[in-house]
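None of the values given here were measured: they were computed from a predicted structure.
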Amino acid sequence: MNHILRGLAANPSLPSESVDLLIAVADADLAETLACREDLSRDQAVALVSRVGDSAVGLAYGGRLTAADIDPAVHPMAALALLDERAGRPEWAHLLASDPDGGRRAKLAACPGLPPDVVERLAADPDVRVVAELAEWAAPDVAAGLAGHPHAEVRRAVAGNEATPTETLAALITGDGLPPVLHCLVCDREEIPFTHDRECPRPDCDLLPDAACDGSHESVTHQLWQAAVQNPATPTEVAVRFAEHSSTQLRWSLAARPDLPPAVCRRLSEDPVPGVRADLAANPALDDDLIRVLAQDRSSDVRRSLAHNPRVPLDVLTQLAGTTKIGETLLPRIATASATETAELARSPDPAVRMLVARRRDLPAGIRDALAADPDAKVLKSIAPHPGLSAARLRAMADRHGIRVLAKVAANPDAPPELLDELARHEPPVNKALREIARHRGATAPALLACLENARARPVAAGHPALPPPVIVGLLTDSDPEVAEAAAANPSLPPQVMLELVSRRHGPAHRWDGPAWAAPYS
């Protein structure tokens, strides 16, 4: 991998003629980066495909290529990408439906808007993978027709398709009105009864762990049931029959459905598996009484999930805040708190509660500033990145609590350059703060030079456009390839250096010794 060239390929300031030169020498790795350039022209995209054919798929999905640029016989996967984006030609679908590669036919089967005769042909494909892929994305009438397919893998795909009619999904679970299943992937390949060894030594075996068939196709039937339970189109009254099932996976999947009736919620709240109760705890279908029961659950995972429930009452949430590690995320119930509720939370005597509301980024100025003066460092860490805080308040936080809050202060988008300079020179250095400064849009050259002294912040700082050009040029020879690549991608790299780097494209993998005229940049 040539790290310098890859960095240049991502550099937004790279002149168009230099892009052309890179295209002319691109390998697969370089082509992947070039294909992501926002300024890549159609002609350059076509040239890149001519150089690296595999780049056509990404370019097609990115809208850089049109149907006029693609020959499906030469680039079938790119043609499939355009069909997937509804930008291909209808005749391609007919051509690709007879492709000898089953994987490509399966990719075609997942494309939207296929001609009816192509859908019919794919539904009768001899490769069950193709039919299953069609079943997973098919329109309601096609999905309903495939529900009676003799292969269990196809029925499993129908069960996961949200377009499948509700009566069909119910029939897949109950079996009513459907012919018996005749095949599954296990009995297609193995003499039954057979249970797949989880430590299977066969390198070419792609059966799932514990795949089994004794003639009832039990493992894929279980997968079908799970897919149906997870499908929001499955009728609730049919899905809830699995509340008492011996399979943990089925009960677990059921616990997340937002349409559960109260009686089923109560049953699952007593499930012996904490993961089932945890998924239930986050379910907005819970009523207040059951929420209060789960708030006393012995599992911290259950209580943590309950804190993320958008319907959790604030008094329960404040109770959970003091007993459960919730993390740094903004909780849904906090995000939707009214102005009155927000003010009450901000005045809570419990710093864990004040910390929750401090994670909002739309607080009224008065509440924001009051939290910025909080005596508890945990609250300050939560409020410090809030936009709109004055330089004086940010500096006061840093002065009062030092290294405990410096990284969060540095992450504030409105932190002024002079404060970032001070934080970068803090003794002892704070690694997380230096990384935040290295990516901050307001960082100055002195602050970035300090960041370069830190191994973790160095690759980030090397790409910052505020670095002086001589420093950027010097980083091109850094012993760390990541740093050298970031420097090559820096938009402030002098254009003449970019040109010489491209012209020296056959040099070492990631080192560059610099041009003879580079004295002004050293």
Side-chain angles (χ1 to χ4, degrees), residues 321 325-331 346 351-361 363 368-468 470-472 474-475 478-487 489-490 492:
K325 291 184 178 180
I326 295 173
E328 296 187 0
T329 185
L330 174 62
L331 298 176
V353 175
R354 302 197 302 275
M355 181 172 61
L356 292 181
V357 74
R359 292 184 185 129
R360 285 184 62 155
R361 294 294 173 259
L363 293 172
R368 177 201 65 203
D369 292 344
L371 290 170
D374 200 280
D376 192 284
K378 296 190 296 296
V379 178
L380 293 186
K381 287 175 66 176
S382 292
I383 196 66
H386 197 297
L389 286 170
S390 68
R393 292 191 185 280
L394 291 171
R395 183 174 279 106
M397 290 185 202
D399 290 343
R400 286 203 313 274
H401 292 282
I403 61 174
R404 298 182 66 185
V405 301
L406 290 193
K408 297 298 185 180
V409 170
N412 189 294
D414 298 324
E418 59 273 16
L419 177 58
L420 296 175
D421 289 350
E422 294 175 23
L423 299 180
R425 295 193 303 269
H426 188 275
E427 290 294 338
V430 180
N431 293 338
K432 289 183 178 180
L434 290 171
R435 293 198 295 276
E436 292 292 348
I437 295 167
R439 64 173 64 94
H440 198 288
R441 64 188 179 189
T444 63
L448 293 168
L449 291 174
C451 293
L452 289 174
E453 300 300 318
N454 181 272
R456 298 280 298 277
R458 187 176 179 85
V460 183
H464 199 293
L467 270 181
V471 176
I472 301 171
L475 292 171
D478 198 272
S479 59
D480 184 344
E482 189 179 357
V483 173
E485 183 174 329
N490 194 314
S492 295

Is the shortest side-chain N to carboxylate O distance from [X] to [Y] below 4.0 Å?
X: Glu436; Y: Arg439; answer: yes
X: Arg395; Y: Glu418; answer: no
X: Asp376; Y: Arg354; answer: no

Is a side-chain donor or acceptor of [X] paired with a backbone partner of [Y] at a separation under 3.5 angstrom?
X: His464; Y: His440; value: yes
X: His386; Y: Leu363; value: yes
X: Asn490; Y: Ala462; value: yes
X: Asp414; Y: Pro387; value: no
X: Arg425; Y: Leu423; value: no

Please determine whether the number of non-hydrogen atoms from other residues, nucleotides or ligands lying under 6.0 Å from atom CD1 of Ile326 exceeds 12.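 Atom CD1 in Ile326 is packed in, count exceeds 12.
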Say you draw a straight line from [atom1] of [X] to [atom2] of [Y]; how long is it, rounded to the nearest 0.5 Å?
X: Arg359; Y: Ile383; atom1: CZ; atom2: CD1; result: 11.0 Å
X: Asp374; Y: Asp369; atom1: CG; atom2: CG; result: 12.5 Å
X: Cys451; Y: Leu434; atom1: SG; atom2: CG; result: 5.0 Å
X: Glu482; Y: Glu485; atom1: CD; atom2: CD; result: 8.0 Å
X: Leu406; Y: Leu394; atom1: CG; atom2: CG; result: 11.5 Å

Would you indicate whether the side-chain heavy atoms of [Y] and [X] approach each other to under 4.5 Å?
X: Ser382; Y: Glu328; result: no
X: Leu371; Y: Arg368; result: no
X: Ile472; Y: Ser492; result: yes
X: Val471; Y: Leu452; result: yes
X: Leu475; Y: Leu467; result: yes

Given Asn454 and Asn431, is the side-chain contact (heavy atoms from CB on, under 4.5 Å) satisfied, shown in steps? CA-CA 7 Å; Asn454 181 272; Asn431 293 338; 2.7 Å; yes
Taking all atoms of both residues into account, what is the closest heavy-atom pair of [X] and [Y], and its distance?
X: Pro459; Y: Asp480; result: CG-OD2, 4.4 Å
X: Ala466; Y: Ala443; result: CB-O, 3.5 Å
X: Met397; Y: Ala372; result: CE-CB, 3.4 Å
X: Ala433; Y: Ala410; result: O-CB, 4.0 Å
X: Asn412; Y: Pro385; result: ND2-C, 3.5 Å
X: Pro413; Y: Arg441; result: O-NH2, 3.3 Å

Going through the distances and angles, do Leu380 and Arg400 end up as a side-chain contact (heavy atoms from CB on, under 4.5 Å)? CA-CA 10 Å; Leu380 293 186; Arg400 286 203 313 274; 3.2 Å; yes
Applying side-chain contact (heavy atoms from CB on, under 4.5 Å) to Leu419 and Val409, what does each step give before you reach the verdict? CA-CA 9 Å; Leu419 177 58; Val409 170; 4.0 Å; yes
What pairs meet the salt bridge (Lys or Arg N to Asp or Glu O under 4.0 Å) rule with one or both residues in residues 451-466, with sequence neighbours excluded?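 Residue pairs with at least one partner in residues 451-466: Arg458-Asp478.
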